[in-house]
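Everything below concerns the one structure shown next.
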Amino acid sequence: MLKNNPVMKKLVETGEERIGKLAQQLLSNEKFVATVQTLVSRSLAAKGTLDSALRSTLSAMNLPSTGDLEQLRSKVDDLERLLASVEGKVDTLVAAKTSPKK
């Protein structure tokens, strides 16, 4: 119902137009862009520090980190592939021994 209302349509169009102009002004402001870039780089640095501290804390508590779990998962996947290969070879050998000889 509100979508068909001409007043609402005009308000939405005006709002979109003003937000677009504001975004364009902000992105053309070098100081604003530099500030955003600084905030992003500082946030990434803080995340790196936090990740490092978390790994150290988990290690001190003798608990696995996410990286440790990923390494373990990779090793388990490798073992599963190896076992599947061995199982296939054993099945082939068993089938060859049990097949009737001519």
- [ ] Just grab all the salt bridge (Lys or Arg N to Asp or Glu O under 4.0 Å) pairs involving residues 59-70, residues at least two apart or on different chains.
- [x] Glu70-Arg73

Open item on the list: If the condition is salt bridge (Lys or Arg N to Asp or Glu O under 4.0 Å), which residues does Asp77 pass it with, not counting sequence neighbours?
Closed with: none

Task: Residues in salt bridge (Lys or Arg N to Asp or Glu O under 4.0 Å) contact with Lys75, at least two apart in sequence or another chain - done: none

Show every donor-acceptor pair shorter than 3.5 Å between a side-chain atom in residues 79-96 and any protein atom, with sequence neighbours excluded, or say none if there are none.
from, atom 1, to, atom 2, distance (Å)
Arg81, NH2, Asp78, OD1, 2.3
Thr92, OG1, Gly88, O, 2.9

Open item on the list: Using side chain to side chain contact (heavy atoms under 4.5 Å, CB included), reason through Leu22 and Arg18 one step at a time and then give a plain yes or no.
Closed with: CA-CA 6 Å; Leu22 178 63; Arg18 287 186 180 176; over 6 Å; no

Task: SB check Glu13 Lys9 (cutoff 4.0 Å) - done: no

Task: Reported OG1-to-CG distance for the pair Thr57 and Leu63, which is rounded to 0.5 angstrom - done: 10.0 Å

Side-chain polar contacts of residues 24-37 - donor-acceptor pairs under 3.5 angstrom, sequence neighbours left out - could you list them?
from, atom 1, to, atom 2, distance (Å)
Ser28, OG, Gln24, O, 3.1
Ser28, OG, Gln25, O, 2.9
Asn29, OD1, Lys31, N, 2.9
Asn29, OD1, Phe32, N, 3.3
Thr35, OG1, Lys31, O, 2.8

Task: Distance (rounded to the nearest 0.5 Å) between Ser65 OG and Gln71 CD - done: 7.5 Å

Task: By salt bridge (Lys or Arg N to Asp or Glu O under 4.0 Å) - contacts of Asp51 (at least two apart) - done: Lys47

Open item on the list: Rounded at 0.5 Å granularity, tell me how far CZ in Arg55 sits from CG in Leu50.
Closed with: 9.5 Å

Task: Spacing of CG belonging to Leu54 relative to OG1 belonging to Thr49, to within rounding of 0.5 Å - done: 12.5 Å

